[in-house]
Novice: 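Take a look at this one; I'll ask things after.
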Amino acid sequence: MAKQTGIIKLKGTIGDISFYKSADGHLARAKGGVDASRIATDPAFQRTRENGSEFGRAGKGGKVIRNAIRILLQNAKDKQVVSRLTKNLLAVVKTDPTNPRGARTIQDGNMAVLEGFNFNTNAKLGATLFAPFVTAFDRVSGTATTDLAPFAPTIRIAAPNGTTHFKVVSGAAELDFVNETSTFESDETAILPYDGADTAAINLSADVSANSVLPVLQVVGIEFFQEVNGQMYPLKNGSYNALMVATIDTV
């Protein structure tokens, strides 16, 4: 890898040299690697094909989850959430004790690995919301609940500067990784004042299919607002909002 110098910076390929721009500046490197057709057929690359298959499965699973919780995720995510989630799902795939290497799946792995995953590393829920909460999922009815006892926001929430209000959000996603589909429902509090007075007890619920045989993922989060002239505005465009995988329930 070489760094381009001079006034004119190139992009593209000339002969066997590729020119491109990265976070490290304008770079150039020689084309290399093994031919794709050889990787696809050569027995020497069997492990490579297996790894690629499982990585692809993790990537598709991450998309299923992100699409499922999009309504909440759009308000609480960082720029690396796609790669971080894929990495965690690949770890789940590798815990599958049933299928052979290369055919291991998310749903047959230990999905509890995802518990505690924060979608926004700039605002982790455990470092933001200090009020204890309890989540539960009734698979027979399909109801997922999140409960918080009354608490004083200024004591139990580490809010960013400028916060005047907040809300607690929760949701449940029923995930079909085989067909790459999902169902999702969420619930949230009203926009509450960020002050020293105790809130009322918070009881949130969301329903997915009754008697489902699919994995169900529950998320809990908090969003911050600033009131200006009677209007509520998401604080810093949501960059301080937190959203976390609270529990995973599998059959």
Side-chain angles (χ1 to χ4, degrees), residues 57-96 105-139 142-148 157-158 167-177 180-189 202-209 212-224 238-251:
R57 202 167 291 121
K60 289 180 179 180
K63 185 176 182 180
V64 171
I65 292 175
R66 296 194 310 275
N67 285 344
I69 66 171
R70 184 174 298 277
I71 191 172
L72 298 182
L73 182 62
Q74 64 186 352
N75 299 324
K77 62 181 179 180
D78 60 48
K79 293 181 179 179
Q80 287 77 42
V81 67
V82 174
S83 59
R84 292 193 302 105
L85 183 56
T86 299
K87 180 180 179 180
N88 277 258
L89 286 170
L90 185 57
V92 172
V93 167
K94 290 180 178 179
T95 65
D96 176 359
T105 68
I106 296 171
Q107 62 271 18
D108 291 321
N110 178 16
M111 289 192 63
V113 170
L114 283 180
E115 291 184 359
F117 179 84
N118 282 277
F119 293 92
N120 184 7
T121 55
N122 301 313
K124 296 181 179 180
L125 189 65
T128 304
L129 178 63
F130 295 94
F133 61 86
V134 177
T135 57
F137 177 63
D138 184 331
R139 188 165 286 275
T143 299
T145 57
T146 302
D147 300 314
L148 294 87
I157 298 175
K167 69 179 178 182
V168 178
V169 300
S170 182
E174 180 184 9
L175 305 168
D176 186 341
F177 293 109
E180 299 181 25
T181 60
S182 63
T183 59
F184 179 73
E185 185 173 318
S186 63
D187 196 9
E188 61 187 36
T189 65
I202 293 174
N203 307 107
L204 304 176
S205 67
D207 293 311
V208 294
S209 303
S212 173
V213 296
L214 297 173
V216 173
L217 175 149
Q218 286 182 259
V219 293
V220 176
I222 188 167
E223 300 180 8
F224 297 106
S239 60
Y240 294 108
N241 294 341
L243 185 68
M244 184 187 79
V245 177
T247 55
I248 297 281
D249 190 275
T250 56
V251 176

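Along the sequence shown, the residues carry numbers beginning at 1. All figures in this text were calculated on a predicted structure; none of them were measured in a lab.
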Novice: Taking all non-hydrogen atoms of both residues into account, name the closest pair between A123 and Y240 and its distance.
Specialist: CB-O, 3.1 Å
Novice: For atom CZ of F177, decide whether the heavy atoms of other residues, nucleotides or ligands shown that lie under 6.0 angstrom number more than 12.
Specialist: yes
Novice: Spell out, as yes or no, whether a donor-acceptor pair under 3.5 Å connects the side chain of R84 to the backbone of F117.
Specialist: no
Novice: Could you walk me through whether F137 and T247 pass the side chain to side chain contact (heavy atoms under 4.5 Å, CB included) check?
Specialist: CA-CA 9 Å; F137 177 63; T247 55; 5.8 Å; no
Novice: Is it the case that the side chain of N120 and the backbone of N241 share a donor-acceptor pair, with hydrogens and angles ignored and the cut-off at 3.5 Å?
Specialist: yes
Novice: Can you see which heavy atom on P215 is nearest to which on T250, and at what distance?
Specialist: CB-CG2, 4.0 Å
Novice: Which heavy-atom pair separates D187 from L204 by the least distance, and what is that distance?
Specialist: OD2-CA, 3.4 Å
Novice: Determine the minimum heavy-atom distance between I106 and A58, stating which atoms define it.
Specialist: CD1-CA, 4.2 Å
Novice: For E185 versus S205, what's the shortest heavy-atom pair and its separation?
Specialist: OE2-O, 4.5 Å
Novice: May I ask you to test the E180-K60 pair for a side-chain heavy-atom distance under 4.5 Å?
Specialist: yes
Novice: Is there a donor-acceptor contact under 3.5 Å from the side chain of R139 to the main chain of D249?
Specialist: yes
Novice: Roughly how far, to the nearest 0.5 Å, is the NZ atom of K124 from the CZ atom of F119?
Specialist: 14.0 Å
Novice: Measuring from atom CG of N75 to atom CD1 of I69, what distance do you get when rounded to the nearest 0.5 angstrom?
Specialist: 11.0 Å
Novice: Check for a donor-acceptor pair, side chain of Q107 on one end and backbone N or O of L214 on the other, with a separation under 3.5 Å.
Specialist: no
Novice: Taking all atoms of both residues into account, what is the closest heavy-atom pair of S239 and N122, and its distance?
Specialist: O-CB, 4.1 Å
Novice: Between the main-chain N or O of V168 and the side-chain N or O of T189, is there a donor-acceptor pair closer than 3.5 Å?
Specialist: yes
Novice: Drop me the distance from N203's CG to D147's CG, to the nearest 0.5 angstrom.
Specialist: 4.5 Å
Novice: Once you round to the nearest 0.5 Å, how far does CD of E188 lie from CD of E223?
Specialist: 7.0 Å
Novice: With distance as the sole criterion, is a donor-acceptor pair present between the side chains of T135 and Q218 under 3.5 Å?
Specialist: no
Novice: Okay, side chain of N118, backbone of T121: is any donor-acceptor separation there less than 3.5 Å?
Specialist: no
Novice: Closer than 3.5 angstrom, by distance alone: can the side chain of S170 be matched with the main-chain N or O of V219 as a donor-acceptor pair?
Specialist: yes
Novice: So how far is it from M244 CE to T128 OG1, rounded to the nearest 0.5 Å?
Specialist: 10.5 Å
Novice: What distance separates L114 CG from N110 CG, expressed to the nearest 0.5 Å?
Specialist: 9.0 Å
Novice: Can you check whether V245 reaches I65 side chain to side chain, under 4.5 Å on heavy atoms?
Specialist: no
Novice: Say whether, by atom type as modelled, one donor and one acceptor occur between the side chain of D96 and the main chain of T105 under 3.5 angstrom.
Specialist: yes
